[in-house]
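Report on the structure given below.
All figures in this text were calculated on a predicted structure; none of them were measured in a lab.
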Amino acid sequence: MAMVGLFWIAEGDVYVGAKPSGLGRGVRLTPEGVLALGDGRSRLFLWENVHALTVADVPVKTLRRQVGAATGLALSTVINLAAPEGGATEEAPPLMTVWLASGDETHELPAYSAAAVGYTQTEVDLSRALLTHLTEGAATMATALTAMSEWGRAWEGGSPRRAEREELLRGWVG
């Protein structure tokens, strides 16, 4: 499993944002289309009908966000040490909005951020460009999504470093 830009790639599966667990909300990109997940149901939007795809409400990495995350982790650790039974509860990650235009309708699909302190602005921009690229036709989508899936199956370890993530995104955009 690895995070590359706004994408979570687990083996051959590609998600926008974090991979959902259980009945959690999320968005998966498949060769057939965009799969909206959550609340015990799913909906598939076929690529042939998707003409726009973007993400809003993306948490961008800032010094303030990084300091806040470190402070929150330290505070949570202290509270858990002091009161392990009734300690702090974990906050849900930020919720992003995937906007999908299909036919004459626009759909708002929720997806959780996979980045604890946010994404770099470059990764956000490249990820949005890649989402747009995926809607440019079947051959374009298949090539980019196949490259992402194949990379995910071959990759071993955690998320690559920032420079490598940006290089991957640039390659997938073409």
Side-chain angles (χ1 to χ4, degrees), residues 1-21 24-30 34-38 47 50-77 90-101 106-136 140-174:
M1 294 188 288
M3 184 182 67
V4 179
L6 301 181
F7 305 97
W8 187 258
I9 304 172
E11 297 181 12
D13 297 335
V14 178
Y15 297 87
V16 178
K19 177 182 178 181
S21 61
R25 296 173 172 186
V27 176
R28 182 173 169 210
L29 306 177
T30 72
V34 179
L35 183 59
L37 303 166
W47 284 114
V50 175
H51 57 84
L53 190 60
T54 192
V55 181
D57 309 317
V58 177
V60 177
K61 185 183 288 188
T62 62
L63 180 58
R64 172 177 269 174
R65 188 180 296 275
Q66 289 174 299
V67 169
T71 303
L73 178 62
L75 182 59
S76 177
T77 301
E90 288 191 31
E91 277 186 43
L95 196 59
M96 303 184 299
T97 306
V98 178
W99 289 99
L100 180 145
T106 301
H107 303 274
E108 183 178 339
L109 311 175
Y112 287 102
S113 168
V117 295
Y119 304 91
T120 67
Q121 188 62 55
T122 301
E123 286 183 282
V124 171
D125 295 342
L126 288 168
S127 296
R128 286 178 174 154
L130 180 52
L131 288 169
T132 298
H133 186 65
L134 291 171
T135 65
E136 293 175 348
T140 302
M141 178 281 304
T143 302
L145 196 55
T146 297
M148 294 170 79
S149 295
E150 287 176 356
W151 178 87
R153 281 191 287 276
W155 179 255
E156 294 181 14
S159 298
R161 297 214 178 273
R162 181 190 50 81
E164 186 177 351
R165 293 190 309 262
E166 291 175 5
E167 183 180 325
L168 285 165
L169 289 165
R170 282 185 183 93
W172 294 334
V173 170

Original post:
Got a sec: does the CZ of R153 have more than 12 other heavy atoms crowding it under 6.0 Å?
Top reply: yes
**OP:** Write down the atom of R25, the atom of P110, and the distance for their closest heavy-atom approach.
**Re:** CD-CG, 3.4 Å
**OP:** Calculate, to the nearest 0.5 Å, the distance between atoms CG and OG1 belonging to L100 and T106 respectively.
**Re:** 8.5 Å
**OP:** Would you indicate whether the side-chain heavy atoms of L126 and E166 approach each other to under 4.5 Å?
**Re:** yes
Original post:
Nearest 0.5 Å, what's the OG1-NE2 distance between T132 and H51?
Top reply: 12.5 Å
**OP:** Could you give me the CA-CA distance, side-chain angles and deciding distance for L95 and D57, then say whether side chain to side chain contact (heavy atoms under 4.5 Å, CB included) is met?
**Re:** CA-CA 7 Å; L95 196 59; D57 309 317; over 6 Å; no
Original post:
For the side chain of W172 and the backbone of E167, is there at least one donor-acceptor N/O pair under 3.5 Å apart?
Top reply: no
Original post:
What pairs with H107 under ring-ring contact (aromatic ring centres under 6.0 Å, His included), at least two apart in sequence or on another chain?
Top reply: F45
**OP:** Can you see which heavy atom on P160 is nearest to which on A2, and at what distance?
**Re:** CD-CB, 4.1 Å
Subject >> Closest heavy-atom pair and its distance - Y119, G17 >> reply: OH-CA, 4.3 Å
Subject >> Pairing of D13 and R28 as salt bridge, 4.0 angstrom limit >> reply: yes
Subject >> Partner set under ring-ring contact (aromatic ring centres under 6.0 Å, His included) for W99, not counting sequence neighbours >> reply: none
Would you list the atom pairs, donor with acceptor, under 3.5 Å between side chains in residues 4-11 and any protein atom, with sequence neighbours excluded?
none

**OP:** Start with the C-alpha gap between Y15 and L29, add the side-chain angles, then the distance that decides, and say whether side chain to side chain contact (heavy atoms under 4.5 Å, CB included) holds.
**Re:** CA-CA 6 Å; Y15 297 87; L29 306 177; over 6 Å; no
**OP:** Can you measure from CG (L53) to CG (L134) and round to the nearest 0.5 angstrom?
**Re:** 7.0 Å
Original post:
How long is the gap from NZ on K61 to CD on Q121, to the nearest 0.5 Å?
Top reply: 12.5 Å
Subject >> Considering all heavy atoms, the nearest M96-V55 contact >> reply: CB-CG1, 4.0 Å
**OP:** Would you give the length of the straight line joining atom NE2 of H133 to atom CG of L145, rounded to the nearest 0.5 angstrom?
**Re:** 10.5 Å
**OP:** Please tell me if the side chains of L109 and T97 come closer than 4.5 Å, counting only heavy atoms from C-beta onward.
**Re:** no
Original post:
Of R165, R161, R170, which is the lone residue that meets salt bridge (charged side-chain N to carboxylate O under 4.0 Å, His left out) with E123?
Top reply: R165
**OP:** Could you pull out the closest heavy-atom pair between S113 and P93, with the gap in Å?
**Re:** O-CB, 3.5 Å
Original post:
For the atom pair CE (M1) and CH2 (W155), what is the distance rounded to the nearest 0.5 Å?
Top reply: 14.0 Å
